[in-house]
Amino acid sequence: MPVYTFEVANPVVRSTRDKEPSDFKFEIESFQALLNSASRTKSDKIESSEFNAGGHSWVIVIYPNGNRRDNGTGHVSLYLKLVNKPTGGNSVNASFKFFIFDKERETYVTIHDGKERKFDAAHFEWGISQALPVSAFNDARNGLLVNDMCTFGAEVYVIKNTVTFARLSLKEKQTLRNHTWPVYDFSLLRDKTESPSFPIEDRPWKLCLYPRGNLRGQGRYLSLYLYLDDATDLTGGRKLYVECVLSIRDQFSGSEHKKSVGFWFDAYKDHHGFDDFLQLAELHNPLKGYKANDTVIIEAVINEMFLLTEIS
């Protein structure tokens with residue numbers, strides 16, 4: 001097992017994984033000689049070659065002994081730099097992970113802080129000043145620096161500015177939102193029966209019933225549905241949410257058997273309702289008034305309507 005430890009209070013997340021970095025690997029040979037050369041030129045950092053990720057060019061910037069200007073003393077500091085600085089107020093938003101190869105265990109130490117950064121003309125370099133303690137990096141038992149060789153890596157996740165904005169708006173009540181459908185000669189019905197089309201809020205609707213049941217209600221229930229008779233404009237993300245009550249009137253007592261529910265309507269789903277709206281035994285019970293003089297009275301009441309639209 002590796003002997004390096006991670007500070008609990010540090011917001012940096014460190015873990016290990018087998019999979020190599022998907023965007024870039026940077027192998028350094030003769031690491032100490034490179035450090036000596038950098039020291040002679042009074043440089044405290046090493047830059048990788050350029051690599052492409054998310055349609056942009058980047059480099060990894062490594063401070064082997066820490067970036068003192070960013071509280072990195074005693075740690076390896078790792079940064080990601082955007083090569084071509086954005087101009088004209090533009091920016092690139094990205095999150096990223098750094099990797100150091102553990103040669104002993106053939107795994108990668110993964111280092112990130114989980115933050116999304118905005119790369120622009122003023123701030124084109126972001127990173128982690130306390131990526132890993134220098135002592136842990138230099139300890140040969142950890143496999144990160146072996147035979148004066150080490151390998152760093154990076155993954156960059158560019159957040160594309162392709163947001164689609166949608167709006168859900170309440171349709172103000174302009175008209176009566178109820179419709180009564182008396183179904184005469186009910187005993188003569190054999191199959192699916194539809195009401196005439198009726199308007200509510202400038203949209204045509206229909207009620208539909210199956211006197212002997214439909215789907216899972218077949219043979220045991222009356223099935224009842226509400227249809228949006230024309231949903232051709234509900235495409236491209238547009239949807240209509242309807243809160244409604246469907247009911248059958250008890251013509252003896254004036255009460256109703258009703259079910260309330262909310263439905264989404266669009267061009268692909270133009271009807272909603274209940275396979276099991278009312279048991280046929282209840283419907284045909286002569287002591288009940290759901291069917292009187294061979295007539296069934298059905299009502300639909302729409303309480304609320306919301307229109308979902310995609311703006312862009």
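Values reported hereafter were calculated over all heavy atoms of this structure, with side chains retained and with hydrogens, waters and symmetry mates removed.
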Inset, instruction - Check whether any side-chain N or O of Ser77 sits under 3.5 Å from a backbone N or O of Asn67 as a donor-acceptor pair, and report yes or no. - result: yes

Legend entry - Proximity of Tyr63 and Tyr79 rings by center, below 6.0 Å: yes

Legend entry - Contact summary for His112 and Phe96, nearest pair of heavy atoms: CB-O, 3.6 Å

Legend entry - Taking every non-hydrogen atom, the tightest pair across Lys206 and Asp229: CE-OD2, 3.4 Å

Inset, instruction - Calculate, to the nearest 0.5 Å, the distance between atoms CG and CD belonging to Leu287 and Glu282 respectively. - result: 10.0 Å

Inset, instruction - May I ask you to decide if Ser253's main-chain N or O and Asp250's side chain share a donor-acceptor pair within less than 3.5 Å? - result: yes

Inset, instruction - For residues His272 and Phe265, establish whether the separation of their ring centroids is below 6.0 Å. - result: yes

Legend entry - Exam field: side chain Arg105 to backbone Asn142, donor-acceptor pair closer than 3.5 Å: yes

Legend entry - Joint cluster assignment, Leu240 & Phe263, ILVMFWY side-chain distance < 4.5 Å: yes

Legend entry - Atom of Phe198, atom of Leu226 and distance for their closest heavy-atom approach: CZ-CD1, 4.3 Å

Inset, instruction - Could you tell me the separation between the CD1 atom of Ile248 and the CG atom of Leu246, rounded to the nearest 0.5 Å? - result: 9.5 Å

Inset, instruction - Let me see the working for Thr295 and Asn293 under side-chain hydrogen bond (donor to acceptor under 3.5 Å, both in side chains), right down to the final yes or no. - result: CA-CA 5 Å; Thr295 299; Asn293 298 320; over 6 Å; no

Legend entry - Atom pair CG (Asn178) and CD1 (Ile302), whose distance is rounded to the nearest 0.5 Å: 9.5 Å

Inset, instruction - Report the distance from atom CG of Asn52 to atom OG of Ser57, rounding to the nearest 0.5 Å. - result: 5.0 Å

Inset, instruction - Please check if the side chain of Arg68 supplies one atom and the backbone of Asn65 the other of a donor-acceptor pair under 3.5 Å. - result: no

Legend entry - Heavy-atom donor-acceptor pair, Asp102 side chain to Glu104 backbone, under 3.5 Å: yes

Legend entry - Asn147, CG atom: more than 12 neighbouring heavy atoms under 6.0 Å: no

Legend entry - Check against side chain to side chain contact (heavy atoms under 4.5 Å, CB included), Val61 and Glu125: CA-CA 9 Å; Val61 182; Glu125 182 176 313; 4.1 Å; yes

Legend entry - Student check: side-chain heavy atoms of Lys291 and His284 closer than 4.5 Å: yes

Inset, instruction - Write down the atom of Leu283, the atom of Leu222, and the distance for their closest heavy-atom approach. - result: CD2-CD1, 3.7 Å

Legend entry - Closest contact, heavy atoms only, Trp205 versus Pro199: CD1-C, 4.4 Å

Inset, instruction - Report yes or no: do Asp275 and Ser223 form a side-chain donor-acceptor pair below 3.5 Å? - result: no

Inset, instruction - Carefully, step by step, assess Arg17 and Glu155 under the rule salt bridge (Lys or Arg N to Asp or Glu O under 4.0 Å). - result: CA-CA 13 Å; Arg17 81 180 199 190; Glu155 288 179 353; 2.4 Å; yes

Inset, instruction - Check for a donor-acceptor pair, side chain of Gln130 on one end and backbone N or O of Asn71 on the other, with a separation under 3.5 Å. - result: yes

Legend entry - Sidechain-backbone polar pair: Ser91 side chain, Asp120 backbone, donor-acceptor under 3.5 Å: no

Legend entry - Residue Lys259 excluded, over 12 heavy atoms near NZ under 6.0 Å: yes

Inset, instruction - Compare all side-chain heavy atoms of Arg220 with those of Gln279 and state whether any distance is below 4.5 angstrom. - result: no

Inset, instruction - Show your working on side chain to side chain contact (heavy atoms under 4.5 Å, CB included) between Leu145 and Phe31 and close with a plain yes or no. - result: CA-CA 8 Å; Leu145 181 61; Phe31 184 73; 3.9 Å; yes

Inset, instruction - Please assess Phe99 against Phe26 for the test side chain to side chain contact (heavy atoms under 4.5 Å, CB included), listing each intermediate value before the final yes or no. - result: CA-CA 10 Å; Phe99 299 82; Phe26 176 42; over 6 Å; no

Legend entry - Over 12 foreign heavy atoms within 6.0 Å of CD, Gln32: yes

Legend entry - Candidate list Phe101, Phe98, Phe152, test ring-ring contact (aromatic ring centres under 6.0 Å, His included), partner Tyr108, passing option: Phe101

Inset, instruction - Go through Thr151 and Ile28 one step at a time and tell me if the side chain to side chain contact (heavy atoms under 4.5 Å, CB included) criterion holds. - result: CA-CA 6 Å; Thr151 301; Ile28 302 175; over 6 Å; no

Inset, instruction - Decide yes or no for Leu209 and Leu189: does some side-chain heavy atom of the first lie under 4.5 Å from some side-chain heavy atom of the second? - result: yes

Legend entry - Short side-chain donor-acceptor distance under 3.5 Å, Asn214 and Tyr221: no

Legend entry - Ring centers of Trp58, Phe124 separated by less than 6.0 Å: no

Inset, instruction - Evaluate the side-chain hydrogen bond (donor to acceptor under 3.5 Å, both in side chains) criterion for residues Asp148 and Ser30: first the C-alpha distance (whole Å), next the side-chain angles of each, then the deciding distance (0.1 Å), finally the verdict. - result: CA-CA 5 Å; Asp148 208 27; Ser30 304; 4.7 Å; no

Legend entry - Check: Thr235 main-chain N/O paired with Asp233 side-chain donor or acceptor under 3.5 Å: no

Inset, instruction - Look at the rings of Phe274 and Phe277 and say which category their plane angle falls in: under 30° parallel, 30 to 60° tilted, over 60° perpendicular. - result: tilted

Inset, instruction - Could you walk me through whether Lys25 and Glu20 pass salt bridge (Lys or Arg N to Asp or Glu O under 4.0 Å), step by step? - result: CA-CA 8 Å; Lys25 288 199 305 182; Glu20 66 181 14; 3.0 Å; yes

Legend entry - Evaluation steps, salt bridge (Lys or Arg N to Asp or Glu O under 4.0 Å), between Glu299 and Lys258: CA-CA 9 Å; Glu299 186 172 35; Lys258 59 185 177 182; over 6 Å; no

Legend entry - Heavy-atom pair with the smallest gap, counting every atom of Arg177 and Met305: NH1-N, 3.7 Å

Legend entry - Gap separating the OG atom of Ser169 from the OH atom of Tyr241, nearest 0.5 angstrom: 14.5 Å

Inset, instruction - Measure the shortest side-chain to side-chain distance between Phe137 and Ile100 over non-hydrogen atoms and say whether it is less than 4.5 angstrom. - result: yes

Inset, instruction - Please work out which of the three classes, parallel, tilted or perpendicular, describes the rings of His257 and Tyr290, given edges at 30° and 60°. - result: perpendicular

Inset, instruction - Starting at NE2 of His56, measure out to CG of Leu82 and round the result to the nearest 0.5 Å. - result: 7.0 Å

Legend entry - Residue pair Lys97, Asp23: steps toward the salt bridge (Lys or Arg N to Asp or Glu O under 4.0 Å) verdict: CA-CA 10 Å; Lys97 291 181 179 179; Asp23 287 326; over 6 Å; no

Inset, instruction - Please check if the side chain of Ser129 supplies one atom and the backbone of Asp70 the other of a donor-acceptor pair under 3.5 Å. - result: yes

Legend entry - Backbone N/O of Thr107 and side chain of Asp18: donor-acceptor pair under 3.5 Å: no

